[in-house]
Amino acid sequence: MPGMICLHGHFYGMFSRGMSLKGGNPSCFKEILEQLWWRLDKALQPEDVKYSALVCLLQAIKCGTTTIVDHHASPNSIKGSLDEIASATLESQIRSVLCYEVTDRNGEEGALEGIKENIRFIKKCLINEPNPLLGTSFGLHAAFTCCDETLTKCRDAMLELPKEVQKKTGFHIHVA
Ligand SMILES: [Zn+2]
């Protein structure tokens, strides 16, 4: 049978396996984000990003998944974070499409860093160092964490790329 394709995931979520939440049971999705995911991703350093990806990639190989889309966030270690994941996916020989989740939750500076990381990685993958195993998209967290001004900046950053590059990529965002 052909390899399976995972169209959305977060390698860093590997670190949540078996983790218990301090401070009670979340009663809604926003509380899950605040008590688990946004605490976890803020703690990530480059080495964590790479090893979380390697563990998930080993499991992907065992399960027959050959292509993965990863929607990454590490607010205190943004620049170069997609390179850490790419080194893991290439080492594993798994096809991947990688992007960084732009969000307003860490202020305007955090959003701009996320935009820069997406554009840097898109240029690297589609212009400077293309690799058939590596694809890229422009990541956005979600409508409720990105204001209109940030979304406009993301669109404008994409429009500054050459047209042939724009055609090979797109936006990746949580919609539900
Ligand atoms: Zn997600």
Side-chain angles (χ1 to χ4, degrees), residues 3-21 25-46 48-61 63-86 88-89 92 94-107 110-122 125 134-148 150-151 153-155 157-158 169-176:
M4 287 187 277
I5 298 171
C6 173
L7 290 174
H8 179 84
H10 306 271
F11 286 140
Y12 65 82
M14 188 277 296
F15 290 125
S16 72
R17 290 180 185 169
M19 186 183 283
S20 62
L21 292 180
N25 294 323
S27 62
C28 62
F29 182 58
K30 189 162 185 290
E31 285 183 15
I32 295 172
L33 289 171
E34 289 167 354
Q35 291 180 33
L36 173 64
W37 297 115
W38 292 351
R39 289 177 63 199
L40 192 156
D41 68 15
K42 279 184 180 170
L44 297 171
Q45 294 301 308
D48 307 320
V49 172
K50 179 170 182 180
Y51 282 95
S52 68
L54 281 171
V55 172
C56 290
L57 288 160
L58 282 172
Q59 189 161 31
I61 292 166
C63 296
T65 302
T66 58
T67 303
I68 295 179
V69 178
D70 193 67
H71 200 200
H72 177 66
S74 51
N76 291 314
S77 185
I78 298 175
K79 189 177 180 187
S81 58
L82 296 179
D83 291 337
E84 295 292 334
I85 300 173
T89 61
S92 309
I94 291 285
R95 288 186 191 88
S96 65
V97 176
L98 308 179
C99 60
Y100 189 87
E101 289 182 6
V102 171
T103 174
D104 289 330
R105 73 180 150 104
N106 304 299
L112 288 174
E113 277 297 306
I115 291 170
K116 281 186 201 165
E117 179 64 0
N118 278 304
I119 294 296
R120 182 194 70 76
F121 196 72
I122 288 170
C125 289
L134 203 53
T136 180
S137 186
F138 191 115
L140 298 159
H141 181 250
F144 71 94
T145 51
C146 293
C147 68
D148 288 351
T150 296
L151 293 173
K153 285 177 187 167
C154 295
R155 180 203 61 194
M158 279 285 252
T169 187
F171 289 97
H172 190 80
I173 183 168
H174 294 114
V175 293

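Just follow the structure's listing: the first ligand is 1, and inside any ligand the first atom is 1. For reference, positions follow the sequence shown, starting with 1.
Here the closest heavy-atom approach between residue Gly13 and residue Ser16 is recorded as O-OG, 2.6 Å. The two residues His72 and Leu44 make their nearest non-hydrogen contact at CE1-CD1, 4.3 Å.
Summary: NE2 is the N/O/S atom of His174 found nearest to the Zn ion (ligand 1).
In summary, His71 places no N/O/S atom under 2.8 Å from the Zn ion (ligand 1), failing the contact criterion.
His10 contributes NE2 and His8 contributes NE2; the angle these two atoms make at the Zn ion (ligand 1) is 100°, rounded to 10°.
Annotation: the span from Trp37 atom CH2 to Lys42 atom NZ amounts to 15.5 Å, rounded to 0.5 Å.
A side-chain donor-acceptor contact under 3.5 Å links His8 and His10.
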